[in-house]
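Working notes for the structure below.
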Amino acid sequence: MPKDVIIALDFPDRTHTLEFLDLFKEEKPYVKIGMELFYRAGPDMVREIKNRGHRIFLDLKLHDIPNTVASAMQSLSKLKVDMVNLHAGGGIRMMRDAADALHTLGPGRPLIIAVTVLTSLDQEVLANELLIGEMLSETVLRYAGNAKTAGLDGVVCSPHEAPAVHRTYGTDFLTVTPGIRPAGGDKGDQKRVATPEEARRLGSDYIVVGRPITRAADPVSIYRRCVHDFLGTS
Ligand code: C5P
C-alpha cells in the first residue's frame with residue numbers, strides 16, 4: 001500500500017494557494033482541499049491543481065441522507081480527485097450508497113474513506129457534548145467497522161488509533177491520519193497528536209499535515225522533513 005504525506009491546503013483563496021504550491025519546484029506533493037478553499041474557489045480550483053499534476057484528497061466530509069450523499073459523490077467524482085470522504089456518523093446505509101456510487105466508476109475511482117471521530121475532539125467532549133458514553137477509542141473502532149461493512153477503503157483517525165484499526169480490520173484498510181505535529185510544535189486546536197515519525201511507527205498509511213507546513217517560514221524544508229520522518233526517505 002503506498003504511503004504518503006498529504007499537505008492540507010487550508011488557504012482562504014486561489015491566490016494564496018497557488019503562491020504556496022509555486023514554492024515546490026522539485027516535487028508535486030499530494031494535497032488536501034477542504035471546505036475553506038473549496039467553498040471559496042470551487043471546482044475550478046480542484047481542476048487547476050489536478051492539471052498541475054498533484055494528487056488530491058477532497059476533504060468535504062459529507063454527511064446527509066444516503067441519496068443526497070450518493071448523488072454528491074457522483075458529482076465530485078467528475079473532478080477526477082484521488083480521495084474523498086464522508087462522516088461515519090451518517091450511518092452504514094449512507095456510507096454504502098456513497099461507496100456504491102463510486103464503485104460503478106471502476107478502477108480509476110477515488111478512494112472513499114470515513115471520518116470517525118475528529119482529532120480535535122477528546123473523551124470529555126464526546127461524553128458531555130455528543131452524548132456518546134463509549135470510550136473514544138472504542139467509538140473510533142466501531143465507526144471504522146461500520147465503514148468497512150459499508151465497503152469503504154479506510155478511515156480518517158488519529159495516528160494513535162491506527163494500530164487498533166489495522167489489527168481489527170486488516171492492513172489493507174487505510175488509515176489517513178491528521179493531528180500531526182513535528183516534535184515540539186504547537187498543538188493548536190488538535191488534541192490527539194503525533195509526530196510524523198510516531199505516525200510511521202504506528203502504521204499510518206497517509207499523514208495529513210496542515211499548519212506545521214503551510215505556516216512555516218520554509219514550507220518546502222518542513223515538508224521534506226515530514227516525508228523523511230514518515231517514509232524514512234528524503
Ligand atoms: O493544520 P492541521 O495540521 O491541524 O490540519 C489538519 C487538517 O486535517 C485540517 O485540514 C483538518 O480539517 C483535517 N482533519 C482533521 N481531523 C479529521 C479530519 C480532517 O484535522 N478527523
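For this chain, numbers begin at 1 and follow the sequence in order. Ligands are counted one by one from 1 in listed order, and the atoms in each one are counted from 1 as well. Hydrogens, waters and symmetry mates are skipped; everything else that's a heavy atom, side chains included, is used.
- The only member of Thr68, Leu105, Leu62 that meets side chain to side chain contact (heavy atoms under 4.5 Å, CB included) when paired with Met73 is Leu62.
- Residue Lys28 qualifies as enclosed at atom NZ: its count of foreign heavy atoms under 6.0 Å is above 12.
- The Arg181 neighbourhood of ligand 1 comprises atoms 1 (O), 2 (P), 3 (O), 4 (O), with distances under 4.0 Å to a heavy atom of that residue.
- Under the 3.5 Å distance criterion, the side-chain polar atoms of Lys3 are left unmatched by any main-chain donor or acceptor of Leu231.
- The shell of residues lying under 4.0 angstrom from ligand 1, judged by heavy atoms, excludes Glu36.
- Close approach of ligand 1 to Asp10 (heavy-atom distance below 4.0 Å) involves ligand atoms 9 (C), 10 (O).
- Distances below 4.0 Å separate heavy atoms of Pro178 from the following atoms of ligand 1: 8 (O), 14 (N), 15 (C), 16 (N), 17 (C), 18 (C), 19 (C), 20 (O).
- Sorted by first and then second residue, the salt bridge (Lys or Arg N to Asp or Glu O under 4.0 Å) pairs involving residues 98-120 (not counting sequence neighbours) are Arg109-Asp153.
- Those atoms of ligand 1 with a heavy atom of Val156 less than 4.0 angstrom away are 17 (C), 18 (C), 21 (N).
- Side chain of Glu198 to backbone of Thr195: a donor-acceptor contact under 3.5 angstrom is found.
- Both the backbone and the side chain of Leu118 come within 4.0 Å of ligand 1, judged by heavy-atom distances.
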Run the side-chain donor-acceptor check on residues 50-61: report pairs under 3.5 Å with partners two or more places apart or on a different chain.
from	atom 1	to	atom 2	distance (Å)
Lys50	NZ	Asp82	OD1	3.4
Lys50	NZ	Asp82	OD2	2.6
Asn51	ND2	Arg47	O	3.3
Arg52	NH1	Asp22	OD1	3.0
Arg52	NH2	Asp22	OD1	3.3
His54	ND1	Pro29	O	2.7
Arg55	NH2	Asp4	OD2	2.5
Asp59	OD1	Lys61	NZ	3.1
Asp59	OD1	Asn85	ND2	2.6
Asp59	OD2	Lys32	NZ	2.6
Asp59	OD2	Lys61	NZ	3.0

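- In terms of N/O distances under 3.5 Å, ligand 1 is not approached by Pro212.
- Taking a cut-off of under 4.0 Å to the non-hydrogen atoms of Arg211, the atoms of ligand 1 that pass are 1 (O), 2 (P), 3 (O), 4 (O).
- Of all the atoms in ligand 1, the ones that sit under 4.0 Å from a non-hydrogen atom of Gly210 are 1 (O), 2 (P), 3 (O), 5 (O).
- Dense packing is recorded around NE2 of His63, with more than 12 heavy atoms of other residues, nucleotides or ligands lying under 6.0 Å away.
- Look at Met35 and you'll find every heavy atom at least 4.0 Å from all atoms of ligand 1.
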